[in-house]
Engineer: 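This is the structure I want to talk about, given as structure tokens.
Read the numbers this way: they start at 1 and go in the same order the structure lists the ligands and their atoms. Computation of the quantities below employed the complete heavy-atom set of this structure, encompassing side-chain atoms and omitting hydrogens, waters and symmetry-equivalent molecules.
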Amino acid sequence: MIAKAELHCHLEGSIPPALARELALRNGLELPPGLMGEDGFYVWKDFLSFLAAYDLVCTTLRSARDFGDVLYSYLAGAAREGAVYVEMFCSPERPAALGIAYGAWLEALAEAIDRARRDFGIEGRIIIICIRHLGPERALAMARAMVAEPHRYVVGFGMGGDEARFTPLDFAPAYRLAHEAGFGCTVHAGEVMGPESVWAAIRDLPVTRIGHGVRSAEDPALVTELARRGIVLEVCPGSNVALGLYPDRASHPLHRLIDAGVRVTLNSDDPPFFHTTLGTEYELAGLDEAALKRIARTAIEASFADAATRRRLLGEMEP
Ligand code: ADE
Ligand code: ZN
């Protein structure tokens, strides 16, 4: 099995329906009506209804332990598929709304990472993400909290949410704070919106990676710029097809981006929502073993883990 690494997966988006049911039961909650269809999977039809379904899944989480169990469960499954490293997008918005202290939430996540390392040998790290449609002030508050309370596993800062709202420049103060404090930075762009959104992100934010970024393929000058700057795309083909960006995997620009010299990685985004997994993304990428190994190495190189951890993981992977 090829050793894999993942840079783009959302904590709550990794919750499979069975785990959502278990969490609801544990917390004495009814599952939100309309969340799951007759087939037992999450119901949504487009990007905004996906974000709404995502929010509904979040309502099954109540305690710091719940968040930790979600992370442990994801790391266990990823390790079974050959993952040696996972960087998880974790938003402090949900625990904050539940009255869980930032430090207590992080400790539950860290305990999950330690337990998964012990049980499966997988390494995990945390990227704090803000939610774009909640606005720049919330983002700045998240960045401030992250910088004020450093944690051994928190290595980066990012942003998801509705790409159509606000501009990257609006979030520059939050990103500047994160960058100046030494955190790696990434941002969702070029997913729902086109190349202009990616141009703005790489112009106005101190990012070395772009979440998705696939719609850059619509602008040859942007593709050249990404390749020239070595900006790494966190590509999630299954997510893009499920959300209707492309009709099928064959139409996805992954191969065109690679051929143009753009550094890419493969990721699952919100796997149960999109009926995928990290292993499935590697399997269905339409790439040979050498190319997949290169992608896994790129993910480690572009990860925000400390240099010693990156060196160790690269050393343990087959060339
Ligand atoms: N949050 C969770 N998944 C997301 C995605 N694919 N795009 C933007 N925000 C997200
Ligand atoms: Zn995402």
Engineer: Below 3.5 angstrom, do we get any N/O pair linking D270 and ligand 1?
Structural biologist: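 N/O-N/O distance under 3.5 Å: yes.
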Engineer: Tell me the contacting part of F50 for ligand 1: side chain, backbone, both, or neither, using a 4.0 Å heavy-atom threshold, strictly below.
Structural biologist: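 The side chain, only.
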Engineer: Applying a strict 4.0 Å limit to heavy atoms, is G161 in contact with ligand 1?
Structural biologist: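 Judged by the 4.0 Å heavy-atom criterion, G161 does count as contacting ligand 1.
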Engineer: To 10 degrees, how wide is the angle NE2 (H8) to the Zn ion (ligand 2) to NE2 (H188)?
Structural biologist: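 Once rounded, the angle between the two atoms at the Zn ion (ligand 2) is 90°.
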Engineer: Any heavy atom of F47 sitting closer than 4.0 Å to ligand 1?
Structural biologist: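 Right, F47 reaches ligand 1.
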Engineer: For this output row, return yes or no: ring centroids of F273 and H10 closer than 6.0 angstrom.
Structural biologist: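 No, ring centres 6.0 Å or more apart.
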Engineer: Kindly confirm or rule out an N or O of Y54 lying under 3.5 angstrom from an N or O of ligand 1.
Structural biologist: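 Such a contact does not occur with ligand 1.
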Engineer: Should the ring pair W105 and Y102 be called parallel, tilted or perpendicular, given that the plane angle runs from 0 to 90° and is split at 30 and 60?
Structural biologist: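 Judged by the thresholds at 30° and 60°, the geometry between W105 and Y102 is tilted.
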Engineer: Is the Zn ion (ligand 2) less than 2.8 Å from at least one N/O/S atom of C236?
Structural biologist: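 Of the N, O and S atoms in C236, none lies under 2.8 Å from the Zn ion (ligand 2), which means no.
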Engineer: Identify the closest protein heavy atom to atom 7 (N) of ligand 1: which residue and atom is it, and at what distance?
Structural biologist: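 Nearest protein contact, heavy atoms only, for atom 7 (N) of ligand 1 is E191 OE1, 2.7 Å.
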Engineer: Looking only at the aromatic ring of each residue, does the gap between the centers of Y175 and F157 stay below 6.0 angstrom?
Structural biologist: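 Ring centres of Y175 and F157 closer than 6.0 Å.
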Engineer: Looking at residues at least two apart in the chain, or sitting in another chain, which of them share a side chain to side chain donor-acceptor pair (under 3.5 Å) with T167?
Structural biologist: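 By the side chain to side chain donor-acceptor pair (under 3.5 Å) rule, T167 matches D170.
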Engineer: Just jot down the ligand 1 atoms closer than 4.0 angstrom to any heavy atom of D269, in number order.
Structural biologist: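 Counting from 1, the qualifying ligand atoms are 3 (N), 5 (C), 6 (N).
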Engineer: Restricting to N/O/S, name the atom of D269 that gets closest to the Zn ion (ligand 2).
Structural biologist: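 For D269, the N, O or S atom at the smallest distance from the Zn ion (ligand 2) is OD1.
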Engineer: Starting from atom 1 (N) of ligand 1, which protein heavy atom do you reach first, and at what distance in Å?
Structural biologist: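 Checked against all protein heavy atoms, atom 1 (N) of ligand 1 sits closest to H10 CE1, 3.4 Å.
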Engineer: Answer yes or no: is there a donor N or O on one side and an acceptor on the other, between the side chain of E87 and the main chain of S303, under 3.5 Å?
Structural biologist: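 Not at all, since once roles are kept as given, no pair shorter than 3.5 Å links the two residues.
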Engineer: Is the Lys NZ or Arg CZ of R209 less than 6.0 Å from the centre of F304's six-membered ring, within 45° of the axis?
Structural biologist: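 Yes - R209 lies over the ring of F304, closer than 6.0 Å to its centre and within 45° of its axis.
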Engineer: Can you name the atoms of ligand 1, numbered from 1 with element, that are less than 4.0 Å from a heavy atom of G160?
Structural biologist: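 Those of ligand 1 that fall under 4.0 Å from G160 are 9 (N).
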Engineer: Could you tell me if any non-hydrogen atom of E163 lies under 4.0 Å from any atom of ligand 1?
Structural biologist: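 Judged by the 4.0 Å heavy-atom criterion, E163 does not count as contacting ligand 1.
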Engineer: List ligand 1 atoms under 4.0 Å from H212, heavy atoms only on the residue side.
Structural biologist: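 Numbered from 1, ligand 1 contributes 6 (N).
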Engineer: Describe, in one word, how the ring planes of Y72 and F120 are oriented to each other, choosing from parallel (under 30°), tilted (30 to 60°) and perpendicular (over 60°).
Structural biologist: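 Taking F120 first and then Y72, their aromatic rings sit tilted (interplane angle of 30° to 60°).
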Engineer: Taking the non-hydrogen atoms of F273, is any one of them nearer than 4.0 angstrom to ligand 1?
Structural biologist: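 Contact absent.
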Engineer: Would you say the side chains of E123 and T309 form a donor-acceptor pair under 3.5 Å?
Structural biologist: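 No donor-acceptor contact under 3.5 Å links the two side chains.
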Engineer: Hey, mind stepping through E234 and H188 against side chain to side chain donor-acceptor pair (under 3.5 Å) and telling me if it holds?
Structural biologist: CA-CA 9 Å; E234 303 156 4; H188 282 60; 5.7 Å; no
Engineer: Would the number of heavy atoms belonging to other residues, nucleotides or ligands and lying under 6.0 Å from NE2 of H179 be above 12?
Structural biologist: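 No, because the 6.0 Å sphere around NE2 of H179 holds 12 heavy atoms or fewer from other groups.
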